[in-house]
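Right, one structure below, let's go through it.
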Amino acid sequence: MKKVSYFFLIGIWAVTFSCTSGNKKANDNAKNTGDSPSINGVALEGMNTESEKSIKAAADISSASDSELTGKATFTTTSDGKVDFEITLKNGQPGLHAVHLHEKGDCSAPDAKSAGGHWNPTNQEHGRRSAAEDFHKGDIGNIIIGPDGTGTLGMIVKGWAIGGNSDSNILDKAVIVHAGPDDFTSQPSGAAGDRIGCGVIEME
């Protein structure tokens with residue numbers, strides 16, 4: 001009876017060791033190749049593959065037109081092919097301020113007019129960003145800057161991409177913040193006033 005128990009325990013130990021080694025080997029292989037760990041071709045849950053990694057870009061916002069505005073805009077691809085956009089501003093005048101993407105990644109002019117007009121590769125009318133209305137690819141909306149001079153605006157944008165086709169690629173465009181709000185009707189730019197902040201979109 002003791003011999004049977006002895007061999008039974010050895011068998012259990014061998015199976016456990018084999019499974020543990022298999023898991024470790026799968027994980028080690030995954031680290032070397034960049035793939036998700038797997039056992040017998042089945043991916044282990046909770047691990048991201050290379051194809052799931054987000055692409056990121058950003059624009060550092062510098063002051064223009066004698067303002068003191070500064071900030072940063074970030075852009076991150078989502079799993080469904082959209083872009084997660086967020087802009088944070090500081091040292092701004094309280095109130096509503098229009099935010100747009102402009103066609104040229106050039107903030108060299110003191111008034112930021114070197115950035116050109118709104119990014120509008122599909123030649124649409126300026127308007128409110130909505131599926132039911134015409135709008136420029138560069139139309140974003142208004143950000144609220146509070147009494148402390150700071151403000152944040154975020155949105156998920158369909159039709160933007162970080163790289164790729166010129167009709168959707170946001171790289172080398174300029175993020176422009178205006179002195180006033182966008183009225184969403186005046187052509188071609190919403191009567192938003194001076195450009196008080198500018199930043200060029202670049203890969204992070």
Side-chain angles (χ1 to χ4, degrees), residues 55-67 69 71-78 80-89 92-146 151-203:
I55 301 173
K56 297 184 178 182
D60 290 321
I61 310 297
S62 298
S63 59
S65 302
D66 296 321
S67 79
L69 186 80
K72 185 170 185 177
T74 59
F75 306 81
T76 307
T77 56
T78 65
D80 57 355
K82 299 175 185 177
V83 172
D84 186 349
F85 164 76
E86 184 171 300
I87 183 170
T88 301
L89 301 174
Q93 291 296 315
L96 285 174
H97 297 268
V99 181
H100 306 122
L101 298 191
H102 284 236
E103 60 187 346
K104 299 175 184 178
D106 184 353
C107 296
S108 59
D111 59 3
K113 288 187 177 179
S114 51
H118 286 190
W119 176 43
N120 185 25
T122 54
N123 296 313
Q124 300 293 318
E125 292 285 300
H126 170 66
R128 189 186 301 272
R129 177 170 282 276
S130 166
E133 300 179 34
D134 290 335
F135 55 87
H136 297 160
K137 278 286 184 76
D139 287 339
I140 295 175
N142 293 320
I143 185 172
I144 300 173
I145 294 183
T152 299
L153 173 67
M155 61 194 299
I156 304 295
V157 182
K158 180 181 179 181
W160 287 2
I162 300 174
N165 191 292
S166 60
D167 283 355
S168 58
N169 181 17
I170 61 173
L171 293 175
D172 298 320
K173 307 298 185 292
V175 179
I176 295 290
V177 182
H178 291 265
D182 189 333
D183 66 11
F184 303 113
T185 56
S186 298
Q187 301 299 324
S189 58
D194 291 341
R195 304 174 186 193
I196 59 172
C198 183
V200 179
I201 305 172
E202 300 175 321
M203 291 287 292

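In this chain, numbering begins with 1 at the start of the sequence shown.
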CD1 of I143 to NE2 of H97, rounded to nearest 0.5 Å, is 8.5 Å
d(I145 CD1, L153 CG) to nearest 0.5 Å is 10.5 Å
Could you tell me which non-hydrogen atom of A192 sits nearest to which non-hydrogen atom of A98, and how far apart they are? CB-CB, 3.5 Å
Atom pair CD/NE2 of Q187 and H118 - distance to nearest 0.5 Å: 9.5 Å
Show every ring-ring contact (aromatic ring centres under 6.0 Å, His included) that has at least one partner inside residues 164-189, sequence neighbours left out. H100-H178, H102-H178
Side chains of K56 and T76, heavy atoms from C-beta outward: is any pair under 4.5 Å? yes
So which atom in G163 and which in L171 form the shortest heavy-atom distance, rounded to 0.1 Å? N-CD1, 3.8 Å
For the pair W160 and F75, name the ring-plane relationship: parallel under 30°, tilted 30 to 60°, perpendicular over 60°. tilted
Which atom pair, heavy atoms only, marks the closest approach of G164 to N169? O-CB, 3.9 Å
Just by distance, do the side chain of H136 and the backbone of H126 share a donor-acceptor pair under 3.5 Å? yes
Test side chain to side chain contact (heavy atoms under 4.5 Å, CB included) applied to V99 and V175, step by step: CA-CA 7 Å; V99 181; V175 179; 4.2 Å; yes
Might you confirm whether atom CD of Q124 has over 12 heavy atoms from other residues, nucleotides or ligands at distances under 6.0 Å? yes
Taking D84's backbone N and O only, do any of them form a donor-acceptor pair with T78's side chain (distance below 3.5 Å, no angle check)? no
Over 12 non-hydrogen atoms of neighbours within 6.0 angstrom of CG in D167: yes
Rounded to the nearest 0.5 Å, how far does CD1 of I61 lie from OG of S67? 11.0 Å
Any V157 side-chain heavy atom under 4.5 Å of I170 side chain: no
With no hydrogens and no angle check, is any side-chain donor or acceptor of N142 less than 3.5 Å from a backbone partner on D182? yes
Backbone N or O of G105 within a donor-acceptor pair of the D172 side chain at under 3.5 Å? no
Should we say atom NZ of K137 is surrounded by more than 12 heavy atoms from elsewhere, each under 6.0 Å from it? yes
Considering all heavy atoms of both residues, which atom of K173 and which atom of E103 are nearest to each other, and what is their separation? CD-O, 3.5 Å
Can you tell me how far CD1 of I162 sits from OG1 of T77, rounded to the nearest 0.5 angstrom? 5.5 Å
Atom CD1 of residue position I144 - does it have more than 12 heavy atoms of other residues, nucleotides or ligands inside 6.0 Å? no
Evaluate Q93 against I196 for side chain to side chain contact (heavy atoms under 4.5 Å, CB included), listing each step before the verdict. CA-CA 10 Å; Q93 291 296 315; I196 59 172; over 6 Å; no
Report yes if some heavy atom in the side chain of I201 is under 4.5 Å from a heavy atom in the side chain of L101; otherwise report no. yes
Which heavy atom in C198 sits nearest to a heavy atom in I176, and how many Å separate them? SG-CD1, 3.5 Å
Closest approach of G159 and S168, non-hydrogen atoms and distance? O-CB, 3.3 Å
For I87 and I140, what are the C-alpha separation, side-chain angles and deciding distance, and is it a side chain to side chain contact (heavy atoms under 4.5 Å, CB included)? CA-CA 11 Å; I87 183 170; I140 295 175; over 6 Å; no
